[in-house]
Amino acid sequence: MKKLSIVLLSLGLAASCSSSKTETQPDEEIKETTEVAEAPAAATPDAIVVDAYQKYSAGDIEGTLAYFAEGAEWQEVGGPGGTTADMLAGYKGMMSDLQVAPRRVFVAADAGITVTQGVLKGTNDGAMPDGTPAANKPVAHDYLHIQWWNDEGKITKTWSLSNGTTIPKMAGLMPVPEGTAPPVTSEWPTAGPEVVMASDNQANIDAVKAQAQAAVSGDFETYKANMPDDYSGAAFGEHSLNITKDSSIAWLEGMHKSFTEGQLENVHIWSFVYYVVTVDKVTMKHTGDMGPMKATNKTVSIHFAGIYKCTYVKISWAETYSNPMELMMQIMPPKADATAMAQ
């Protein structure tokens, strides 16, 4: 991506482990060379992302695709993939009134990426990808999009992670097992997204990497020490918007009872002033029961993405994403359907 930069909006956050923040003016060369049909003001990556979601929400798929390179890829983690054109048309086919709103946009110019946290909502008035008839019920979920850009200011690839059980459960197409949390989503944004630019913050990156390694290896003491007592956040893969230090530790302890021999692969990691954005792939062995799901001794893997806020080299806040369907489709027999997986 050619020298992408944005004006850093005021974050209004507490003191961080980073040293300072800088403001950068939008790159004039991008303004001159980025050509977007009927959107002359959308010159910076964050503005393009916002305008693309607005056009898509209004049903202007052609206008949305103007921001994507020809043949741009779109991959759902633990779900289908294809061209961006086909995937966007498919989503509208399931929810004709689908609305998409970004909550936070991160821009990493040197890496040529943007990361967007957002919420979508609509009515399930079309068939699901597997042919399941429409439930005609309101649905919503939180998503994380990582998008790669080329030098012409076009998006070439989208990596999308969300909880694949949320919409089916809201639509009544998948049961909510007893003792598990019902599907919930963040509040619908009432203002434009927070925009954050990348910054070189190795101390933050090291803190988040150490926390991930402690989590996977079962080093609970280090995991606890890396979080202040007032730690808070959300875990969208667990349908929880009110994570605390104690609940985070309890969840991790439960995972280690069901899965052992964990191996961590850090796929991506970037720092953004107070934040660190990371994507990890965890490979582990299913050696213990997980609720009603009996141990299978299968080796499985799952992706976790996180938005972490650091305060004095401790992780004080986080929002994490995972798709339980990615894990369940490896554990259950190949022909098992989504309903059976949730029981």
Side-chain angles (χ1 to χ4, degrees), residues 1-13 16-36 39-56 64 66-69 72-74 84 100-119 142-161 189 191-202 204-205 208 267-279 305-310 317-319 321:
M1 182 167 31
K2 192 181 295 180
K3 301 180 183 177
L4 291 176
S5 59
I6 61 171
V7 177
L8 179 62
L9 301 185
S10 174
L11 300 180
L13 299 176
S16 77
C17 31
S18 62
S19 57
S20 64
K21 56 184 179 182
T22 60
E23 291 191 356
T24 326
Q25 294 302 318
D27 189 280
E28 293 300 324
E29 188 174 1
I30 286 293
K31 282 188 176 181
E32 294 171 2
T33 60
T34 301
E35 296 181 1
V36 179
T44 57
D46 58 294
I48 290 173
V49 167
V50 170
D51 196 59
Y53 287 122
Q54 289 176 343
K55 280 183 165 56
Y56 184 64
T64 305
Y67 295 118
F68 291 81
E73 303 172 47
W74 189 291
T84 298
V100 186
R103 299 169 48 228
R104 191 175 287 114
V105 181
F106 300 90
V107 179
D110 291 345
I113 62 101
T114 53
V115 180
T116 304
Q117 292 181 270
V119 190
D142 287 88
Y143 66 83
L144 179 82
H145 288 166
I146 301 177
Q147 294 174 312
W148 281 262
W149 299 63
N150 63 20
D151 286 345
E152 286 69 49
K154 300 279 188 176
I155 300 167
T156 61
K157 180 181 178 180
T158 300
W159 188 88
S160 177
L161 181 56
E194 177 184 5
V195 180
V196 194
M197 67 181 293
S199 62
D200 186 9
N201 224 314
Q202 192 60 46
N204 291 10
I205 288 175
V208 171
V267 181
H268 301 294
I269 192 163
W270 303 282
S271 65
F272 299 86
V273 191
Y274 306 93
Y275 297 102
V276 171
V277 176
T278 184
V279 176
I307 312 295
Y308 299 92
K309 179 192 168 189
C310 293
W317 171 96
E319 290 187 343
Y321 299 78

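Numbering starts at 1 and runs along the sequence shown. Since the structure is predicted, the reported quantities are computational estimates derived from the model, not experimental observations.
Legend: residues meeting ring pair (Phe, Tyr, Trp, His ring centres under 6.0 Å) with Tyr321, ordered by chain and number and at least two apart, are Phe236. Here Thr158 pairs with Gln147 under the side chain to side chain donor-acceptor pair (under 3.5 Å) rule; sequence neighbours left out. By the ring pair (Phe, Tyr, Trp, His ring centres under 6.0 Å) test, Tyr56 is found to be paired with no residue, residues two or more places apart in sequence or in another chain being considered.
Between Trp74 and His145, the ring planes lie perpendicular to each other; the angle is over 60°, past the 30° to 60° tilted range. Under the 30°/60° scheme for interplanar angles, the aromatic rings of Trp317 and Tyr275 are found to stand perpendicular.
Atom OG1 in Thr84 sits 8.0 Å away from atom CD1 in Ile155 (nearest 0.5 Å). Here the CG-CG distance, from Asp200 to Asp110, works out to 9.5 Å after rounding to the nearest 0.5 Å. Remark: Tyr274 OH to Ser199 OG distance equals 10.0 Å, nearest 0.5 Å. To the nearest 0.5 Å, the span separating CZ on Phe106 from CD1 on Ile307 amounts to 4.5 Å. For the atom pair CD1 of Ile48 and CZ of Phe68, the computed distance is 10.5 Å after rounding to the nearest 0.5 Å.
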### Task
Report the C-alpha distance between Trp149 and Thr114 in whole Å, list the side-chain angles of each, state the deciding distance to 0.1 Å, and finish with yes or no for side-chain hydrogen bond (donor to acceptor under 3.5 Å, both in side chains).
CA-CA 8 Å; Trp149 299 63; Thr114 53; 3.0 Å; yes
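For the pair Asn201/Phe272, no side-chain contact is recorded, criterion being any heavy-atom separation below 4.5 Å from C-beta on.
A salt bridge links Glu319 with Arg103: at least one charged nitrogen is closer than 4.0 Å to a carboxylate oxygen.
In this structure, Asp46 contributes its side chain and Val195 its backbone to no donor-acceptor pair below 3.5 Å. The closest donor-acceptor contact from the side chain of Lys157 to the backbone of Ile146 lies at 3.5 Å or more, if one exists at all. No donor-acceptor distance shorter than 3.5 angstrom exists from the side chain of Thr278 to the backbone of Ile269, with no hydrogens or angles considered.
Side-chain contact annotation: Tyr308 with Asn204, donor-acceptor N/O pair under 3.5 Å absent.
The shortest heavy-atom contact between Ala52 and Tyr67 is CB-CD1, 3.7 Å.
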